[in-house]
Trainee: 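Handing you a structure now.
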Amino acid sequence: MRLSQYFLPTLKETPSEAQIVSHRLMLRAGMIRQSSAGIYSWLPLGFRVMKKIEQIVREEQNAIGVHEMLMPTIQPADLWRQSGRYDSYGPEMLRITDRHDRDMLYGPTNEEQITEIFRDAVKSYRDLPQHLYHIQWKFRDEVRPRFGVMRGREFLMKDAYSFDLDFEAAKTTYNKQFVAYLKTFKRMGLTAIPMQAESGPIGGDMSHEFVILAVTGESEIACHRDFLDNDWLDNIDLEGDLQVVVNAFTDKYAATDERRDPEIEKTLGDDLVVARGIEVGHIFYFGKKYSETMGAVVTGPNGEDVTVEMGSYGIGVSRLVGGIIEASHDDDGIIWPQSVAPFQAGLINLKPGDSACDEACEALYQKLIDAGVDVLMDDRDARAGAKFADMDLIGLPWQVVVGPKGLKDGIVEVKNRATGERQEVTPEDAVKKLAG
Ligand code: 5CA
């Protein structure tokens with residue numbers, strides 16, 4: 001991509017409405033713009049990151065055999081009357097009336113919608129289990145939308161739903177999602193701590209929140225120090241026995257809000273960490289809560305009626321964009337983990353118009369593309385200082401700087417955004433380094 005032909009409206013000044021670093025950096029890096037409170041447009045750079053995150057989530061869901069589908073954003077109120085949640089959900093639900101005076105709503109979640117689809121299609125235990133997900137926009141009319149995309153009103157969620165015959169099968173499904181979540185967040189460079197949680201308006205009696213630590217997190221959490229020690233985490237083989245992996249995490253203390261236990265915390269002593277966290281995912285087992293009220297019943301092995309066991313599994317895809325920035329930035333800007341970076345490398349032409357620089361940049365640009373490196377070339381006619389600042393701000397993992405002085409000696413500079421380390425290498429070696 002050539003920056004001269006791209007849409008990247010970066011800001012020098014810090015926008016005054018942004019209270020936390022990820023919101024500031026997303027606005028400054030030209031990733032998002034606010035449309036109204038808690039509702040954002042995703043500009044090309046931000047959109048790329050969101051798509052990368054979405055793809056990781058998708059791959060890990062597909063890997064455990066959950067099938068992708070797509071349900072609508074607008075749902076009929078009657079569906080929610082069947083579960084009883086139309087009245088109980090409260091003012092967070094955006095209620096709409098269509099031209100025929102029918103009550104509709106913008107979905108805050110999809111338990112009812114998926115249960116209806118399942119109920120009408122699946123009649124026998126032989127067709128179980130069914131595990132489905134979609135990645136779709138949600139709307140919750142939050143009292144206090146804030147912190148940019150972290151607590152939006154409109155936000156993108158991956159929500160998966162499971163239908164199993166009995167508790168044992170439902171528990172296995174829950175465990176599979178649990179481990180898939182650990183893998184998903186790890187691939188994004190995040191250490192997510194699973195903690196027992198309240199299930200709130202979704203309901204149910206088994207539930208874990210996946211929380212990443214950040215000083216600006218909305219909730220206070222308490223956990224065993226081991227959760228912050230990546231060595232311990234790295235030593236757990238996520239491909240191992242499902243229940244053993246889940247136990248390795250759930251055996252250690254991690255809790256938030258009412259679930260915190262002062263007695264346990266006392267015994268932990270120096271091993272206790274109290275910090276602030278951001279909830280990036282939440283999984284629920286709620287058994288027959290919706291299947292009973294909505295009649296999701298199949299014929300069992302002995303011809304009897306079996307009300308199916310359900311769970312739901314959410315990941316805040318758009319929230320993660322902000323969450324990753326909270327976890328990975330410095331004073332100069334964002335530091336993208338390779339796996340979600342909008343481009344792998346930035347190529348800076350220090351002197352556009354200088355034929356040697358232009359030629360070397362064009363050649364390098366082409367070679368990087370040929371080597372499969374997603375590259376953003378800053379070919380704008382701007383000051384070097386401004387180019388460096390923008391490149392640090394948008395946080396691509398690698399920067400390649402091409403200037404007239406270096407070219408005389410046949411070299412370019414390669415900078416690692418995360419470590420700040422710089423190396424002078426030939427253009428050929430730069431390609432090798434970035435492609436490798
Ligand atoms: N139906 C269930 C799971 S599929 C559900 O809705 N769960 S949830 O309410 O916990 O939301 C799932 C995830 O969406 C949360 O963990 C969080 O990461 C994200 N999320 C929730 N509310 C917001 C919001 N207002 N802004 C951004 N992300 C949000």
Side-chain angles (χ1 to χ4, degrees), residues 20 22-23 26 32 34 37-40 42 50 53-54 57 61 66 68-69 71 73 75 80 83 85 89-94 106-115 131-163 173-174 177-178 180-181 184-185 188 190 192-204 206-212 214 217-219 221 256-257 277-286 289-290 310-326:
I20 64 169
S22 59
H23 190 193
M26 287 180 77
I32 52 166
Q34 182 173 303
I39 303 180
Y40 291 86
W42 290 79
M50 192 161 63
I53 292 172
E54 196 182 302
V57 171
Q61 290 294 297
V66 191
E68 186 167 12
M69 61 183 294
M71 289 177 272
T73 54
Q75 304 175 28
W80 286 65
S83 72
R85 278 208 295 185
Y89 212 95
E92 267 194 15
M93 180 186 277
L94 181 66
Y106 195 123
T109 175
N110 289 69
E111 278 81 4
E112 284 79 357
Q113 184 77 79
I114 194 77
T115 304
H131 300 159
L132 302 158
Y133 76 99
H134 72 163
I135 300 174
Q136 177 63 292
W137 293 93
K138 305 288 184 286
F139 195 94
R140 294 182 186 172
D141 206 351
E142 305 269 353
V143 200
R144 282 221 296 153
R146 57 192 178 140
F147 302 156
V149 300
M150 301 280 258
R151 182 159 297 281
R153 293 200 295 165
E154 187 185 54
F155 58 97
L156 189 62
M157 190 199 289
K158 181 283 295 182
D159 38 330
Y161 302 91
S162 63
F163 301 88
T173 303
Y174 188 89
Q177 284 286 359
F178 190 107
Y181 273 41
T184 301
F185 298 127
M188 296 172 193
L190 297 171
I193 305 171
M195 49 186 75
Q196 279 201 12
E198 298 302 321
S199 48
I202 305 295
M206 183 162 65
S207 161
H208 282 89
E209 276 178 26
F210 289 75
V211 173
I212 58 170
E218 283 195 289
S219 50
I221 63 132
T256 180
D257 301 330
I278 300 165
E279 180 198 314
V280 287
H282 201 156
I283 60 177
F284 306 82
Y285 159 76
F286 43 71
K289 178 176 151 111
Y290 298 92
M310 289 178 63
S312 72
Y313 316 86
I315 290 184
V317 174
S318 51
R319 172 179 288 185
L320 271 165
V321 181
I324 292 169
I325 297 175
E326 290 292 329

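Both ligands and their constituent atoms are indexed starting at 1 by order of listing. These numbers come from a predicted model, not from an experiment.
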Trainee: For a side chain to side chain contact (heavy atoms under 4.5 Å, CB included) check, start with the C-alpha distance between Asp159 and Tyr133, then their side-chain angles and the critical distance, and finish with the verdict.
Mentor: CA-CA 5 Å; Asp159 38 330; Tyr133 76 99; over 6 Å; no
Trainee: Could you list the residues that satisfy side-chain contact (heavy atoms from CB on, under 4.5 Å) with Gln34, not counting sequence neighbours?
Mentor: Tyr40
Trainee: How does Phe284 reach ligand 1, if at all, at less than 4.0 Å between non-hydrogen atoms: by side chain, backbone, both, or neither?
Mentor: side chain
Trainee: Using a 4.0 Å heavy-atom cut-off, say whether Val149 meets ligand 1 through its side chain, its backbone, both or neither.
Mentor: backbone
Trainee: Taking N or O atoms only and a 3.5 Å limit, does Ser318 qualify as a polar contact for ligand 1?
Mentor: no
Trainee: Just jot down the ligand 1 atoms closer than 4.0 angstrom to any heavy atom of Val280, in number order.
Mentor: 16 (O), 18 (O)
Trainee: Using ring centroids (six-membered ring only for Trp), state whether Phe178 and His208 fall under 6.0 Å.
Mentor: yes
Trainee: Under 30°, 30 to 60°, or over 60°: which ring-plane class applies to Tyr106 and Phe139, parallel, tilted or perpendicular?
Mentor: tilted
Trainee: Provide the number and element of each atom of ligand 1 under 4.0 Å from a heavy atom of Tyr313.
Mentor: 3 (C), 4 (S)
Trainee: Just going by heavy-atom distances, which of Glu209, Arg140, Lys158, Arg153 is nearest to atom 8 (S) of ligand 1?
Mentor: Arg140
Trainee: Out of Phe155, Phe147, Tyr133, who gets a non-hydrogen atom closest to atom 24 (C) of ligand 1?
Mentor: Phe155
Trainee: So, is Glu279 polar-close to ligand 1, with some N/O to N/O distance under 3.5 Å?
Mentor: yes
Trainee: Below a 4.0 angstrom heavy-atom separation, can you tell me which part of Met157, side chain or backbone, both or neither, approaches ligand 1?
Mentor: side chain
Trainee: With a 4.0 Å cut-off on heavy atoms, is Gly152 touching ligand 1?
Mentor: yes
Trainee: Salt bridge or not between Arg85 and Glu112? Use side-chain N to carboxylate O under 4.0 Å.
Mentor: yes
Trainee: Between Gly316, Gly107, Gly314, which one has a non-hydrogen atom sitting closest to atom 3 (C) of ligand 1?
Mentor: Gly314
Trainee: Quick one: look at Asp159 and ligand 1, take heavy-atom pairs under 4.0 Å, and tell me if it's side chain, backbone, both or neither.
Mentor: both
Trainee: Taking only non-hydrogen atoms of Lys138, do any sit less than 4.0 angstrom from ligand 1?
Mentor: no
